[in-house]
Amino acid sequence: MSERNFMTLKFASRSENESFARVTVAAFVSQLDPTLDELTDIKTVVSEAVTNSIIHGYDNRPDGIVTISAELEGDTVFITVTDEGAGIEDLDLAKQPLYTSKPELERSGMGFTIMENFMDAIEVTTALGTGTTIRMKKRIESKKALFN
């Protein structure tokens, strides 16, 4: 697949939409014939990013909009998750393992760590009162290549 392919999805910031987003992106990425582990990694990072948007960006308000775009280019998938919520006050602190700004919700504080470990690259841009965008990249080792 040498041509660029892409999709964009917008949905309400409701926790029940997290699984919808995860499955939709996984189905789209399936065109690259990823391994089960790669597909699980992608589903996990989408879940983490969407959940962070809903819980932290919109403070569990259902009136926000989460936007996901995914792009396939060659053997690489690019995933972007954007919210127009609160933004992150201290990004360096938020990226620290086990840090959570919502300890009362029993959050693990591992979202960014998981995203960084499961993807080849991650970039976060944020502004208070404007929102957060997480851009992630992963090269897919096609199962077809494993058997040739």
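Everything numeric in this text was worked out from a predicted model, so none of it was measured. FYI, side chains are in, hydrogens and waters are out, and symmetry mates aren't considered; it's all heavy atoms of this structure.
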Counting C-beta onward and ignoring hydrogens, is there a side-chain heavy-atom pair between [X] and [Y] closer than 4.5 Å?
| X | Y | result |
| --- | --- | --- |
| L128 | E89 | yes |
| I68 | T8 | no |
| L39 | S30 | yes |
| K138 | V45 | no |

Got a donor-acceptor contact below 3.5 angstrom from the [X] side chain to the [Y] backbone?
| X | Y | result |
| --- | --- | --- |
| S13 | R61 | yes |
| E141 | T35 | no |
| T67 | L9 | no |
| Q31 | F28 | yes |

* **Residue pair M7, T24: steps toward the side-chain contact (heavy atoms from CB on, under 4.5 Å) verdict** => CA-CA 10 Å; M7 57 140 293; T24 303; 4.3 Å; yes
* Find the distance between CE (M115) and OG1 (T113) and round it off to the nearest 0.5 Å. =>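 Between atom CE of M115 and atom OG1 of T113 there are 9.0 Å.
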* Option among T126, T125, V81, V124 that satisfies the side chain to side chain contact (heavy atoms under 4.5 Å, CB included) test with T133 ->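 Testing each of T126, T125, V81, V124 against T133, the sole residue satisfying side chain to side chain contact (heavy atoms under 4.5 Å, CB included) is T125.
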* Check each of T51, V25, V29 against V46 using the side chain to side chain contact (heavy atoms under 4.5 Å, CB included) test, and report the only one that passes. =>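 Result: among T51, V25, V29, V25 is the only option passing the side chain to side chain contact (heavy atoms under 4.5 Å, CB included) with V46.
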* **Worked check of side-chain contact (heavy atoms from CB on, under 4.5 Å) between I140 and I42** => CA-CA 10 Å; I140 301 298; I42 288 167; 3.8 Å; yes
* Asked: Same hydrophobic cluster for I114 and V50, using side-chain heavy-atom links shorter than 4.5 Å among ILVMFWY?
  ->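 Same cluster.
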* **Shared hydrophobic cluster for F20 and Y58 (ILVMFWY, side-chain gaps under 4.5 Å)** =>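 Cluster IDs for F20 and Y58 match.
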* Asked: Taking atom CD of E71 as the centre, does the number of heavy atoms from other residues, nucleotides or ligands within less than 6.0 Å exceed 12?
  ->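 More than 12 within 6.0 Å, yes.
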* To do: Let me see the working for I134 and M119 under side-chain contact (heavy atoms from CB on, under 4.5 Å), right down to the final yes or no.
  => CA-CA 12 Å; I134 302 172; M119 301 300 279; over 6 Å; no
* Using the side-chain contact (heavy atoms from CB on, under 4.5 Å) rule, take N60 and I55 through it: C-alpha gap first, then chi angles, then the decisive distance, then the call. => CA-CA 5 Å; N60 281 314; I55 291 175; 3.7 Å; yes
* Cationic N near anionic O, under 4.0 Å, K137 to D120 ->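 Looking at D120 together with K137, the answer is no, because their closest N to O distance does not fall below 4.0 Å.
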